[in-house]
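The basis for the numbers below is simple: all heavy atoms, side chains too, and nothing from hydrogens, waters or symmetry mates. These numbers come from a predicted model, not from an experiment. Read the numbers this way: they start at 1 and go in the same order the structure lists the ligands and their atoms.
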Amino acid sequence: MSPKRNFDSNGNASVPPQENGFNGSFSLLSSEKAVQELIQQPLDRGIDDHLFEFSEALRTVAKALRRVAEGKATAQAEAAEWKRKYELERERNLQLEQKVLSDEHHRECDDKKENKLAAGPVLSDEAAEESHRCCGKNDICSHEVLRNGELDSNCNTVQSKMMRKASFKLSWWCKGDKSDQHKHDIVSFEKGNITTAERSSKQIALKWESPPKTVLILTKPNSASVQILCAEMIRWLKEQKKLNIFVEPRVHSELLTESSYYNFLQTWQDDDEILLLHTRVDLIVTLGGDGTVLWAASMFKGPVPPVVPFSLGSLGFMTPFYSEHYRECLNSIIRGPISITLRHRLQCHVIRDAAKTEYETEGPMLVLNEVTIDRGISSFLTNLECYCDNSFVTCVQGDGLILSTTSGSTAYSLAAGGSMVHPQVPGILFTPICPHSLSFRPLILPEHVTIRVQVPFNSRGHAWASFDGKDRKRLSPGDALVCSMAPWPVPTACQVDSTSDFLRSIHDGLHWNLRKTQSFDGPREQHDLDKSS
Ligand SMILES: NC(=O)c1ccc[n+]([C@@H]2O[C@H](COP(=O)([O-])OP(=O)(O)OC[C@H]3O[C@@H](n4cnc5c(N)ncnc54)[C@H](O)[C@@H]3O)[C@@H](O)[C@H]2O)c1
Ligand SMILES: Nc1ncnc2c1ncn2[C@@H]1O[C@H](COP(=O)(O)OP(=O)(O)OP(=O)(O)O)[C@@H](O)[C@H]1O
């Protein structure tokens, strides 16, 4: 195809801009087809030499541009290929590294399991299953933490750190998946070093996300002052606070006999309804002494709503609120937030020798203070074999044994020589009652253990178990009591906070370490006398 040429008025030839490829030529030259056409054009020798030279120059430029475009396309294709290869390689290396770490982790767990099995004691099926779970969830590994901290920014840094420092793991035998979370919060790794910056027993605050609507009032029986206060409090809570109120059937009928005004009160008919109370009640108010708090706790075999204990007894270790100020106290509790003490409970199973499987017989008993195994009315020495997890602890020969919570440490256990322990300390007190031995000191065991108290077959008599001072059960030779920490604590509201309330209760309730202060005048150290002379 030959290009059309125009001639101006002077007879000089001109080419239309789109055809000679000069003005706006780049769009044409960038097209492969246009460049080919330009190169193939036969030269017209009859026209001006300048135009010929110009055309030659354009041809050269077109060739050069084509070479540049081809070169660029090749370079881009090569770069894309290299990038793809690099990504593939990087992906493969990451997978390899993860596999190596995971193999190491599982090998360590398996080694530890084998060592444990070899060293004994032999694990129960449950413990073996728990140790298997450790490998999956209930542990933290130092190398995992290192990796998490470094991998995002630079893989190489991780590898060099891992080579310098041996990795290790901590694991817990947990009774369920949920229970290990807080341990991860308490024990952590900072670049592979174990730290316990977090504490398990912090002051806990309860903040309402929606206002409490229903309150359960529990009262000590046979007390006129408690009855009067209860009636007054119910009226105030209903009229001023617009709350739904539950009372025990005994109190319900007492108040209805007094006046039909109390028709709005709610109560329950049978034990099945009590089992569901925790789903309806936001707050429990107790009017009485420590015994009424124990009573409230005993009504809830599972979760317990927050308890506000008003003091109408003689001692009041667990009852920090003054009944005279009930309006201010309840106003501030309903508004929130509240400082609470989580009072741990013990769950106890009586296992009869006759039972085919453990836990076959009676349901568990939950205690807020203690379970006591004693000689009851028998005049013989009790003889109790005690085990902690799989280890033999001792044989109690005396009046009996108290297994107490830390809340109960100021009750019967204290009277038997046990230490007083802050209620927020997680532990189980192991306190003998009048042991016939000079060296039997009380123990405090960690909260995670299971204690088994066995009446030996060769025992001369029976033993008796009682739960927070109630519900006596006879233990015959061969019977046992198994006790561990319950998952349902009793949250009690604090007047100030856990520690202030505890210290105030031992000062005011027991007059702990009360002694007249020594006077200033009297004998002095020789050193002081030398200085003054
Ligand atoms: N020798 C003793 O000290 C002894 C003997 C038997 C029972 N108790 C305790 O009595 C408790 C039952 O109490 P109850 O009121 O139903 O019976 P209760 O009416 O016989 O009162 C027992 C006394 O123990 C006090 N108490 C209860 N729990 C306490 C605690 N956690 N800290 C400090 N003092 C506490 C009570 O205030 C009360 O003064 C049992 O759990 C047991 O601890 C003590
Ligand atoms: N709502 C209740 N129903 C049945 N019994 C209860 C109830 N509340 C408390 N009790 C029992 O009444 C007894 C005495 O209660 P509580 O300890 O509260 O009063 P207290 O003996 O006057 O006080 P303190 O123990 O401080 O001297 C306890 O044995 C307790 O179990």
Side-chain angles (χ1 to χ4, degrees), residues 216-227 229-230 246-255 267-268 271 274 277 284-300 307-323 341 343-346 348 365-376 398-425 429 431-434 442 464-472 489-490 492 498 501-512:
L216 164 66
I217 302 179
L218 296 172
T219 55
K220 167 171 84 171
N222 307 322
S223 162
S225 57
V226 167
Q227 249 173 320
L229 177 71
C230 177
F246 271 91
V247 289
E248 291 173 274
R250 166 181 54 85
V251 179
H252 190 249
S253 51
E254 276 170 11
L255 287 168
T267 190
W268 54 90
D271 287 357
I274 297 179
L277 261 187
I284 304 170
V285 168
T286 64
L287 307 178
D290 295 316
T292 311
V293 178
L294 297 175
W295 179 265
S298 72
M299 280 179 58
F300 293 83
V307 181
V308 188
F310 284 95
S311 170
L312 285 113
S314 62
L315 254 186
F317 265 74
M318 297 186 283
T319 59
F321 294 97
Y322 299 113
S323 55
T341 301
R343 296 182 181 275
H344 298 288
R345 291 195 284 180
L346 296 175
C348 313
M365 303 287 294
L366 270 79
V367 293
L368 175 55
N369 267 352
E370 77 284 290
V371 53
T372 306
I373 305 106
D374 59 29
R375 62 188 173 86
D399 278 1
L401 173 72
I402 299 165
L403 300 175
S404 169
T405 63
T406 44
S407 286
S409 70
T410 44
Y412 196 0
S413 170
L414 170 86
S419 180
M420 291 192 286
V421 189
H422 188 297
Q424 208 66 95
V425 175
L429 283 81
T431 312
I433 309 169
C434 299
W464 293 83
S466 59
F467 307 87
D468 283 343
K470 295 201 162 24
D471 299 321
R472 276 192 164 261
V490 179
T492 57
S498 277
D501 285 12
F502 171 67
L503 292 175
R504 200 193 71 179
S505 69
I506 61 169
H507 285 133
D508 293 358
L510 291 176
H511 308 297
W512 179 62

**OP:** Check whether any heavy atom of G289 sits under 4.0 Å from an atom of ligand 1.
**Re:** no

Subject >> Sub-4.0 Å atoms of ligand 1 with respect to non-hydrogen atoms of L294 >> reply: 12 (C), 13 (O)

Original post:
Which atoms from ligand 1 have a heavy atom of A415 less than 4.0 Å away?
Top reply: 1 (N), 2 (C), 3 (O)

Original post:
Any side-chain heavy-atom pair from T341 and M318 closer than 4.5 angstrom?
Top reply: no

Original post:
Mind checking whether S404 and Y412 have side chains closer than 4.5 Å, heavy atoms only?
Top reply: no

Heavy-atom protein contact below 4.0 Å for [atom]:
| atom | result |
| --- | --- |
| atom 32 (N) of ligand 1 | yes |
| atom 38 (C) of ligand 1 | no |
| atom 21 (O) of ligand 2 | no |
| atom 9 (C) of ligand 2 | yes |

Under 4.0 Å to a heavy atom of [X] - the qualifying atoms of ligand 2, by number:
| X | answer |
| --- | --- |
| S314 | 23 (O), 24 (P), 26 (O), 27 (O) |
| E248 | 1 (N), 3 (N) |
| R250 | 1 (N), 2 (C), 3 (N) |

Would [X] count as a polar contact of ligand 2, with the cut-off being nitrogen or oxygen pairs under 3.5 Å?
| X | answer |
| --- | --- |
| G288 | no |
| G289 | yes |
| L312 | no |

Original post:
What do you reckon, does L294 put a non-hydrogen atom under 4.0 Å from ligand 2?
Top reply: no

Original post:
Under a heavy-atom criterion of less than 4.0 Å, does L218 contact ligand 2?
Top reply: no

Original post:
What part of T219, side chain from CB on, backbone N/CA/C/O, both or neither, has a heavy atom under 4.0 Å from ligand 2?
Top reply: backbone

Original post:
Nearest to atom 6 (C) of ligand 2, what protein heavy atom do you find, and at what distance?
Top reply: P221 CD, 3.5 Å

Subject >> Among D501, D508, I506, side-chain contact (heavy atoms from CB on, under 4.5 Å) partner for R504 >> reply: D508

Subject >> Sub-3.5 Å N/O-N/O distance, S314 and ligand 1 >> reply: no

